[in-house]
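To find a chain, count down the sequence lines: A is the first, B the second, and so on, and within it residues start at 1. As a basis for the values below, the full set of heavy atoms in this structure was taken, side chains included, without hydrogen atoms, waters or symmetry mates.
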Protein chains: 2
Amino acid sequence: MRRQTVTIKHVAAEAGVSLQTVSRVINKEPHVRPAVLERVEAAVAKLGYVPSLAARRMGGSRSYLILALNDRDRTIEGWQSDGGTDWVDQMLLGGMLKCAEHGYRMIFELVDTHAAHVEREISAAISSLHPDGIILTPPHGDNPVITDLLTRLRVPFARIGSAGEGAGFSIAMDEAAAAAAATDHLVQLGHSRIGFVTGSDEYALSVTRLEGWRRAMAAAGLAAGDDLVRHGDFTFRSGAAAAETLVSGPQPVTAIVASNDQMALAALHVAQDRGLAVPGDLSIISFDDTPITRFSVPPLTAIAQPIAAMASRAAELLIEARGQPAETAEASVLPFRLVARASTGPVRADG
Amino acid sequence: MRRQTVTIKHVAAEAGVSLQTVSRVINKEPHVRPAVLERVEAAVAKLGYVPSLAARRMGGSRSYLILALNDRDRTIEGWQSDGGTDWVDQMLLGGMLKCAEHGYRMIFELVDTHAAHVEREISAAISSLHPDGIILTPPHGDNPVITDLLTRLRVPFARIGSAGEGAGFSIAMDEAAAAAAATDHLVQLGHSRIGFVTGSDEYALSVTRLEGWRRAMAAAGLAAGDDLVRHGDFTFRSGAAAAETLVSGPQPVTAIVASNDQMALAALHVAQDRGLAVPGDLSIISFDDTPITRFSVPPLTAIAQPIAAMASRAAELLIEARGQPAETAEASVLPFRLVARASTGPVRADG
DNA sequence: TTGAAAGCGCTAACAA
DNA sequence: TTGTTAGCGCTTTCAA
C-alpha cells in the first residue's frame, strides 16, 4: 500500500508545522528548535518523504545536478572498440559516488566538440538541466570556446586534466612530472636513446608531457633532440607510424615513452613485426593504464592517472560551490602512479 | 541573483502568441496553424529556447528521465578491479544514445540489492526523480521485491537479461540457445566430455544456460551427467575451483563452457598451472565477451551479449510507454553472437 | 484553432 | 524561532 506521492505538505501536516519549517529541516538549516526538528524528522521517516528534485530546482536556485561533459566521438569510439576503456567507468566511480554522498546526481553527457555548434549543444544542456556544476573532461577544459561560455553563463565548472590557470577549478595530475618519471624509469634501466611519442595537439597535456620528457633527459645529461620526438594523435595508427621511424634508421632508440596506451600497443606490434624483443631490444612505457596494458604481451609498464580521484574531487568542489562560480579558482594536483610491468627492462649490454 | 534564462514566455512574446501555443509547438501537438507554427519555431530558434526539464516535470506528467538501475556492489567491484568490464559502457552506449535521440536523459543509479532496504532505496530514487521508466539490469529483473514494487508504483520498467513472463518489458537474448550454441561449437570440434560451470543462482539465466547445455549435449547424443556440471558464482575463485575438479579425476573433460569470462579466465589459469595446453588439451568457451577475452593468452572464444542493443531497446520501449505501464508486456529477444577465438579447438586424436 | 487560469512541490524573501 | 506569501517554468484543464 504505497502513497501516490508524499510532498512537503503532507510532512508539514503530519508534524503540525509550516512548509517552511519542513524545508529548513530537510535542508539542514539552522534556527529550528530541537523538539520541532525531531518532530519533523519523525514525520519524514514515517511518511517516507523524499524531496522532488524537479521542485527543488523550480523553487530554489540549486538543481542538485552535476553535468559531466565528455567528447562524443572519442567516447563512442571507445565504447565500440574492442579494447575497452575505463575512462568513463572511472569517471562514474569517482564522480557518481561523490555526488550520491551529497544527494546530487551526476548526468553524463556527450558533446561534439568539433562541430561549429558546441556552444549551442552545451547551452541547450544547461538550459534544459540547469546543472549546479559542470565537469569538463579532456580536452574540453582547454577549449576556450567552452570555458568562456561557462564563465559567461556563470555556471561553476571543473577542468579535469587541464592544468592551465584560467577560470574554473583545475584538477589534474602533474603531467610533466609523470612524463619525467616515466623517462627516468628508463634512464635508471640504463637507456640513453629514449624516444617520445606525443599526443594530439588539441590536448594541452600533450605539450606538458613532452616537456617532462625533455626535462628528465636533460637532467640525465642525455640528448633530447627532435630526432627522438614523433608526433602522434593518440591513435593506434599514429603510434605505429611513430614507432616505425623511431626504431629504424642509423640510431634506433632502445626505449619509447608513448603518450597513451593505444600508441604504446602500436609500438609493441611494430617491435613484434620487426623481430625486436620487448623489453630485450625495446622498452615501452605508456600513459593512461587502461585495461589493455594488463593483458598485452608483455603487459605494459604505464603511468596511471587518478581519474576516479579527479572526478571525485571535481564533484566535491562543484557541490561546495553551491551553484556560484568561485572567485578563487583553486588548482588541485593529484598524484599519479607508475605501474611497472614487463614492457620495460634494462638496456642490452651491446645496446 | 537569478541566471538569465529564456523561458516559454519570452518565446510567446516574440512570436506574439500565448504560452499554450508555444507549448503545443514544442510538444509537437496538433491543432496549430502552419503559419503560427512557423512563427513560433522561428522565435524558438532566434532566442535559442530550450524547455526546462524540471519545469516540464512539474507541470506535466512526464519527467523525460529514464533510470538505469545497476547492482551497486557488483558495479563498483567491476570498476575497481583491474580487469575492466564493459557492461556499464555498453549500457550507456545503447541506453544514453537512444534517450538522447528522444530528448530524454538516462540517469545511472546504483542500488544495493542485498540490503533489507532495497525498497526504500528505489522508492527514494523514484520520489526524487519521478522517472518515466526504469531499466532493470541483471539480476534485478528477476527480483520480485523490485518488480512488485515498481508494478505497485505504476512506473514502467524494462527487465534486461530477464526472460520470465511477469510485469515489465522483457528484453533478453536466448540464453538457452546461446549455451547450446557454445556447447555445439565444441561438439563440432569433436569434444564429447564437455564440462559446464554455472553462474550464481541469483540469476535466472544461470539455470537457463545450464538447460541449454543439457539440450545440446542430448541433441549430440552425449552424456550430460552431474559429474560434468559445477556450480560457480561468476567469480574467478569459483571458476578456478570448478575447473580444478573438471580437469582432474579419472575422466577429465576436454572442454569447458563457463558462464562468464572471469570463470573462463580462471579455467585458463588452472590449465596453465597443470601444464594443459589450451586449446590442445582443453578448450574453453565463455559468456559475456568483456575485453579480457581479447587480451588473454590465448584469446577466449565467447558468447557476446547484445548489451547495447538491449539497453537501447529498453529505453525505446519505456519512452514509447510515455510514463504509463503497458498492459501487454511484450518480450524482445535479441540475437547473441558466438565469437570464435583461439581458446577452442579440435579435440586431440588420443583424447 | 487558440487562449486564460490553475496548479505541480519546492524555496526565497519577508513578516511576525 | 517560526510562518506567510510569492513565484520558479511548464502542462493541464477548460473556455472561447
Start at the 5' end of DNA chain C and walk down; is the nucleotide closest to B:Val36 or to A:Lys9 reached first?
B:Val36
Check whether any side-chain N or O of A:Thr21 sits under 4.0 Å from OP1 or OP2 of D:dT2, and answer yes or no.
no
Would you state whether a donor and an acceptor, one from the side chain of A:Arg57 and one from the base of C:dG9, lie under 3.5 Å apart?
no
Taking ring-ring contact (aromatic ring centres under 6.0 Å, His included) as the cut-off, I'd like each qualifying pair that reaches into residues 25-66 of chain B, sequence neighbours left out, listed once.
B:Tyr64-B:Tyr104
Kindly point out which of C:dA12, D:dC10, C:dT1 is positioned nearest to the side chain of A:Ser61?
C:dA12
Cationic N near anionic O, under 4.0 Å, A:Arg74 to A:Glu77:
no
Does A:Arg56 make a side-chain N or O approach to OP1 or OP2 of C:dT11 shorter than 4.0 Å?
yes
To the nearest angstrom, the CZ-C1' distance between A:Arg24 and D:dT1 comes to 8 Å
Quick one: on DNA chain C, does B:Gln20 or A:Tyr64 contact a more 5' nucleotide (nearest heavy atom)?
B:Gln20
Set of side chain to side chain contact (heavy atoms under 4.5 Å, CB included) partners for B:Glu29, sequence neighbours left out
B:Arg24, B:Asn27
If you draw a 6.0 Å radius around CD in A:Glu38, do more than 12 non-hydrogen atoms from other residues or ligands fall strictly inside?
no
Check this one for me: any side-chain N or O of B:Ser52 less than 4.0 Å away from OP1 or OP2 of D:dG9?
no
Position toward the 5' end of DNA chain D (nearest nucleotide), A:His31 or A:Leu19
A:His31
